Amino acid sequence: GFVDGPLDTCRMNRPSSAALDPTTNHIYVADTGNHRIRCIDLPRGIIRTVCGNGVKGNRDGSMISSQSLDSPFDVRFMQPCHLLISCADNSIRRLDLQTSQLETVLVGS
């Protein structure tokens with residue numbers, strides 16, 4: 001399932017990897033089954049989507065509604081404010097956490 005919001009009601013589908021931002025202490029999770037990257041904000045008690053519109057694919061952009069990921073399975077934090085995302089289509093994507101810009105860095109075969 002998929003639901004953003006309070007920790008006691010939010011839903012994920014096959015979360016597979018997590019990364020910590022040491023500055024904000026936010027935890028980023030690859031929500032594989034929902035084709036999204038989620039942010040857990042423990043002090044506020046919420047989960048929100050930071051990347052991916054839920055449609056399986058490979059589309060870059062700065063608006064979550066137009067970004068698509070293919071089953072992200074690994075996420076890593078990279079200073080100062082980026083996430084590196086590995087997807088099932090052998091792509092590596094970079095998300096700028098300040099601008100929300102998603103871009104494809106590498107596509108394998």
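Here the structure is a predicted model, which means the values were calculated and not measured. Numbers here are sequence positions counted from 1.
Hydrophobic clustering (ILVMFWY, side-chain heavy atoms < 4.5 Å, transitive): Leu20 and Ile47 are in one cluster. When the side chains of ILVMFWY residues are joined at heavy-atom separations under 4.5 Å, either directly or via intervening members, Ile37 and Leu97 end up in a single hydrophobic cluster. Criterion: ILVMFWY side-chain heavy atoms under 4.5 Å apart, direct or through other members. Under it, Leu83 and Leu69 are part of a common hydrophobic cluster.
Closest heavy-atom contact between Pro72 and Ser16: O-OG, 3.8 Å. Among all heavy-atom pairs drawn from Asn34 and Asp31, the shortest one is ND2-OD2, 2.9 Å. Smallest separation of non-hydrogen atoms from Pro22 and Gln79: CG-NE2, 3.5 Å. The two residues Arg11 and Thr9 have their closest heavy-atom pair at NH1-O, 3.3 Å. Nearest approach of Val75 to Tyr28, heavy atoms of both residues: CG1-O, 3.6 Å. Here the shortest heavy-atom pairing between Gln67 and Gly61 reads NE2-O, 3.0 Å.
Distance check: Arg93 CZ to Leu106 CG gives 11.5 Å after rounding to the nearest 0.5 Å. To the nearest 0.5 Å, the span separating CD on Gln101 from OG on Ser62 amounts to 5.0 Å. The CZ atom of Arg76 sits 5.0 Å away from the OG atom of Ser17 when rounded to the nearest 0.5 Å. Summarising the geometry, atom CD1 belonging to Ile92 is positioned 11.0 Å from atom CZ belonging to Arg94; distances are rounded to the nearest 0.5 Å. Leu102 contributes atom CG, which lies 10.5 Å from atom CG of Asp96 (distance to the nearest 0.5 angstrom). A distance of 5.5 Å separates CZ of Phe77 from OG1 of Thr23, quoted to the nearest 0.5 Å.
Two residues are said to be in side-chain contact when any heavy atoms from C-beta on lie closer than 4.5 Å; Met12 and Ile40 meet this criterion. The shortest side-chain heavy-atom distance between Ile85 and Leu95 falls under the 4.5 Å cut-off.
Side-chain contact, Thr104 with Asp60: a donor N or O sits under 3.5 Å from an acceptor N or O. Counting only N and O atoms by type, the side chains of Asn58 and Ser68 include no donor and acceptor under 3.5 Å apart.
Remark: Thr49 engages Phe2, Asp4, Arg36, Arg38, Ile64 in a side chain to side chain contact (heavy atoms under 4.5 Å, CB included) (not counting sequence neighbours). For Ser100, the side chain to side chain contact (heavy atoms under 4.5 Å, CB included) test picks out no residue, with sequence neighbours left out.
In terms of modelled atom types and a separation under 3.5 Å, the side chain of Asn90 and the main chain of Gly108 share no donor-acceptor contact. For His35 (side chain) and Asp70 (main-chain N/O), no donor-acceptor pair under 3.5 Å exists by modelled atom type.
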Show your working on side chain to side chain contact (heavy atoms under 4.5 Å, CB included) between Leu7 and Leu42 and close with a plain yes or no.
CA-CA 8 Å; Leu7 294 176; Leu42 289 175; 3.9 Å; yes

Test salt bridge (Lys or Arg N to Asp or Glu O under 4.0 Å) on Asp89 and Lys56 and set out the steps.
CA-CA 10 Å; Asp89 63 353; Lys56 182 178 178 179; over 6 Å; no

